[in-house]
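Chain letters run A, B, ... following the sequence lines, proteins first and then strands; every chain starts at 1. Side chains included, hydrogens not; waters and symmetry mates left out as well; all remaining heavy atoms used.
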Amino acid sequence: MSINIRYFASLREKMGKAEDSIDAGLARTVADVWGVVANDTGMPSNTLCSINMEYVGPEHAVKDGDEVAFFPPVTGG
Amino acid sequence: MSINIRYFASLREKMGKAEDSIDAGLARTVADVWGVVANDTGMPSNTLCSINMEYVGPEHAVKDGDEVAFFPPVTGG
Amino acid sequence: MAVSITEKPFNPWDELQTRQDNLSMAGQYGATAVFVGTMRDFNEGDKVKAMTLEHYPGMTEKYLEKIILQAERQWELMHTLVIHRVGHILPDESIVLVAVWAAHRANAFDASRYIMEELKSHAPFWKKETLEDGDRWVGKGSEG
Amino acid sequence: MAVSITEKPFNPWDELQTRQDNLSMAGQYGATAVFVGTMRDFNEGDKVKAMTLEHYPGMTEKYLEKIILQAERQWELMHTLVIHRVGHILPDESIVLVAVWAAHRANAFDASRYIMEELKSHAPFWKKETLEDGDRWVGKGSEG
């Protein structure tokens, strides 16, 4: 039972990986997930978060099986 | 020595012709030109006027050799 | 800029391809905004079978060029193309094409819309529709 | 609506032709507004040799569809097409195409610009530029 994590663009490069996974029991919110994967260093300012491909704020609750993603501001188009 | 006159669209149909010509001595302004060609009936409301292919108001002065045009509101595009 | 008035049907996408192939500014423009007006078979509650588009030769071209120059003064543009059909037109045929190439998108969007709105309100063109039971001149204030 | 994300170069005018040929609404739409974003060889003072466009597969498509649905709720539209390139891109290649078909021009203009602005500010794409002397991620607030 776990939470899957994805990183994109500059954040992916900073983390040194595109994906991660943590035990669902370790985190209640998106911010908690970040704390676990980043050893309690703060989330870079402007970081965007999503759960299951929907934008959410860092205080949004996570649950077992969720896909949480962290990425910098988007620059498409 | 004369002023050439052109009519377009519904105004052309109303006048029953596309072009006209009057003696330059008969008119001082665009409104005067209309008076001559329309036997002093008023200009239909919304009529647009041009001299030598530039929009002008009815009180604009005309001179010998000018091309004066009368037409309804435009509907291109 | 390129302005043309044509009695022959034109394909807007072909015209854009040809024009762009001939622009010597590959890599410089980042934004192209295009508007195409197409003849509808229905207007103000009536079925429309065909249309005749009248214009004032000479003044029309002059006025379109004036509108484009005004746009070029207001926004940084790299190229502008306007094609307008005249004469006998059938439903689904293109009536007008306005295209603007610019470095950045805000300029392309603003200028293409400006040119189109100015064209509709000032350029000397007049539409006459052929309905099932006769003809009628299109009035101002038609939604376009 | 039609949304596609492609790693292969695309020709926007061919895509518009093909799409329009397949719309079963000839004579119904009077207005088509199109935006094409093209890769420039110059950005923020530097020569750009190439670009890599990263996206979030799944979320990107979902988000583009959401933007189009929002546009369809705000304006009366007949069809919408969005194509976005990802992967390795060279200068002068098309990055994005947004096209809207509607009965009337105000809806087409408004919706195409809305979709493009929402796409730029929310759809999960990220650009990395290859300069003469290395790579850099494109920052927010780039003029586009």
Side-chain angles (χ1 to χ4, degrees), chain A residues 1-22 24 27 29-34 36-38 41-77, chain D residues 3 5-6 35-40 43-44 48 51-67 82-87 89 94-98 112-129 134-144:
Chain A
M1 308 293 259
S2 66
I3 291 169
N4 299 306
I5 303 144
R6 304 185 67 174
Y7 311 108
F8 290 94
S10 55
L11 210 53
R12 173 177 52 70
E13 292 182 346
K14 246 174 238 155
M15 301 302 280
K17 53 190 166 185
E19 293 185 55
D20 229 339
S21 172
I22 65 167
T29 66
V30 170
D32 293 343
V33 172
W34 177 264
V36 174
V37 297
T41 59
M43 204 183 289
S45 68
N46 296 327
T47 298
L48 299 172
C49 316
S50 68
I51 296 179
N52 302 329
M53 302 185 179
E54 297 279 0
Y55 282 106
V56 294
E59 296 314 317
H60 201 287
V62 293
K63 60 180 197 310
D64 186 46
D66 276 352
E67 174 172 294
V68 175
F70 298 100
F71 44 82
V74 304
T75 55
Chain D
V3 169
I5 309 290
T6 174
F35 179 83
V36 180
T38 306
M39 193 189 147
R40 296 168 64 225
N43 192 27
E44 291 173 27
V48 185
M51 181 184 273
T52 305
L53 234 155
E54 183 171 336
H55 77 303
Y56 185 167
M59 181 167 176
T60 307
E61 292 84 342
K62 196 168 163 175
Y63 208 85
L64 293 176
E65 284 165 20
K66 185 175 168 175
I67 293 170
V82 174
I83 301 176
H84 204 294
R85 184 79 186 284
V86 292
I89 306 180
S94 302
I95 299 172
V96 61
L97 165 66
V98 171
S112 65
R113 190 160 192 171
Y114 172 84
I115 291 167
M116 190 58 206
E117 297 301 330
E118 289 294 303
L119 182 158
K120 283 210 77 104
S121 51
H122 298 302
F125 290 106
W126 301 274
K127 285 175 179 166
K128 189 178 201 173
E129 294 174 336
D135 290 355
R136 73 173 169 207
W137 288 99
V138 173
K140 196 72 185 170
S142 173
E143 274 187 279

Is the backbone N or O of A:Gly77 less than 3.5 Å from a side-chain atom of D:Lys127, with the two atoms forming a donor-acceptor pair by type? yes
Could you tell me if the side chain of A:Glu13 sits less than 4.5 Å from the side chain of D:Lys128, heavy atoms only? yes
Mind checking whether A:Thr75 and D:Phe125 have side chains closer than 4.5 Å, heavy atoms only? no
Can you say whether the rings of D:Tyr56 and A:Phe71 are parallel (under 30°), tilted (30 to 60°) or perpendicular (over 60°)? perpendicular
Are the side chain of D:Trp126 and the backbone of A:Pro72 linked by a donor-acceptor contact shorter than 3.5 Å? yes
Examine whether an atom of A:Asn52 lies under 4.5 Å from a heavy atom of chain D, and if so say whether it belongs to the side chain, the backbone or both; otherwise answer neither. backbone
If you look at every heavy atom in A:Phe8 and D:Pro57, which pair is closest and at what distance? CE2-CD, 4.4 Å
Most heavy-atom pairs under 4.5 Å with chain A, out of D:Met116, D:Arg85, D:Lys62, belong to D:Lys62
What part of D:Phe35 gets within 4.5 angstrom of chain A, counting heavy atoms only: side chain, backbone, both, or neither? neither
Between D:Thr52 and chain A, which part of the residue has a heavy atom less than 4.5 Å away: side chain, backbone, both or neither? neither
Side-chain heavy atoms of A:Glu54 within contact of D:Lys66, under 4.5 Å: yes
How close do D:Glu54 and A:Arg12 get, counting heavy atoms only, and between which atoms? OE1-NH2, 2.5 Å
